[in-house]
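This is a predicted model, so every value here is computed, not measured.
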Amino acid sequence: MKHVRNLRSPLPSLRPRRFAYRVPWTVDRSGAPHFRLVNTSSEELRGVTVSIAGSASLRVSSPASIRPGEAVRASLHGGDAARDTLLVVRWFPPDGREYLWQVSF
């Protein structure tokens with residue numbers, strides 16, 4: 001007979017949020033194919049990464065932390081971004097939760 005162990009995360013459990021979490025980003029598309037993802041929240045966002053799924057390629061300059069009002073700059077090249085490309089943004093607000101947000105072009 002196999003013994004089953006209950007594994008616990010080494011991190012403390014997070015309490016459930018009582019309210020919906022507003023996405024803290026706005027996409028400035030005015031300079032397409034160069035885009036700016038602006039942190040519109042009042043919080044510094046950490047561990048920010050940007051990735052892409054689709055036929056276009058991406059150049060991005062994203063510091064690990066983005067303060068309120070600061071932006072991540074991304075440039076798309078090739079492919080038909082409006083048809084088959086998604087931008088995925090990952091970040092951690094101050095409470096340590098991980099969030100993902102996808103952007104269609």
Can you tell me how far apart CZ (Arg46) and OG (Ser65) are? Round to the nearest 0.5 Å. 4.5 Å

Are Val60 and Val72 side-chain neighbours, meaning at least one heavy-atom pair lies under 4.5 Å? yes

Considering non-hydrogen atoms only, spot the tightest contact between Leu58 and Ala74 and give its length. CD1-CB, 3.7 Å

What I'd like to find out is whether the side chain of Trp101 reaches to under 4.5 Å of the side chain of Val88, using heavy atoms alone. no

Does Trp25 reach the side chain of Asn39, with side-chain heavy atoms less than 4.5 Å apart? yes

Quick check: Tyr21 with Tyr99 (ring centres under 6.0 Å apart)? yes

Min side-chain heavy-atom separation Trp91-Leu37 under 4.5 Å: no

Do the non-hydrogen side-chain atoms of Arg29 and Val103 ever get within less than 4.5 Å of each other? yes

Please give me the minimum heavy-atom distance between Ser55 and Thr85, naming the atom from each residue. N-OG1, 3.7 Å

Between His77 and Ser57, is any side-chain donor less than 3.5 angstrom from a side-chain acceptor? no

CD (Glu43) and OG1 (Thr40) are apart, to the nearest 0.5 Å, by 10.5 Å

In this structure, would Val27 and Val23 fall into the same cluster of hydrophobic residues linked by side-chain contacts under 4.5 Å? yes

If I take atom CZ from residue Arg90 and atom CD from residue Gln102, how far apart are they, to the nearest 0.5 angstrom? 16.0 Å

Value for CZ (Arg73) from CG (Asp28), rounded to nearest 0.5 Å, stands at 9.5 Å

Starting at OG of Ser41, measure out to CZ of Arg67 and round the result to the nearest 0.5 Å. 13.0 Å

For Gly69 against Val38, the heavy-atom pair lying closest together: O-CG1, 4.0 Å

Find out whether Leu86 and Ser104 are in side-chain contact, i.e. whether some heavy atom of one side chain is under 4.5 Å from a heavy atom of the other. yes

Do Pro24 and Leu45 have side chains that approach each other closer than 4.5 Å (heavy atoms only, starting at C-beta)? yes

Among the clusters formed by ILVMFWY side chains lying less than 4.5 Å apart, do Phe92 and Leu87 turn up in the same one? no

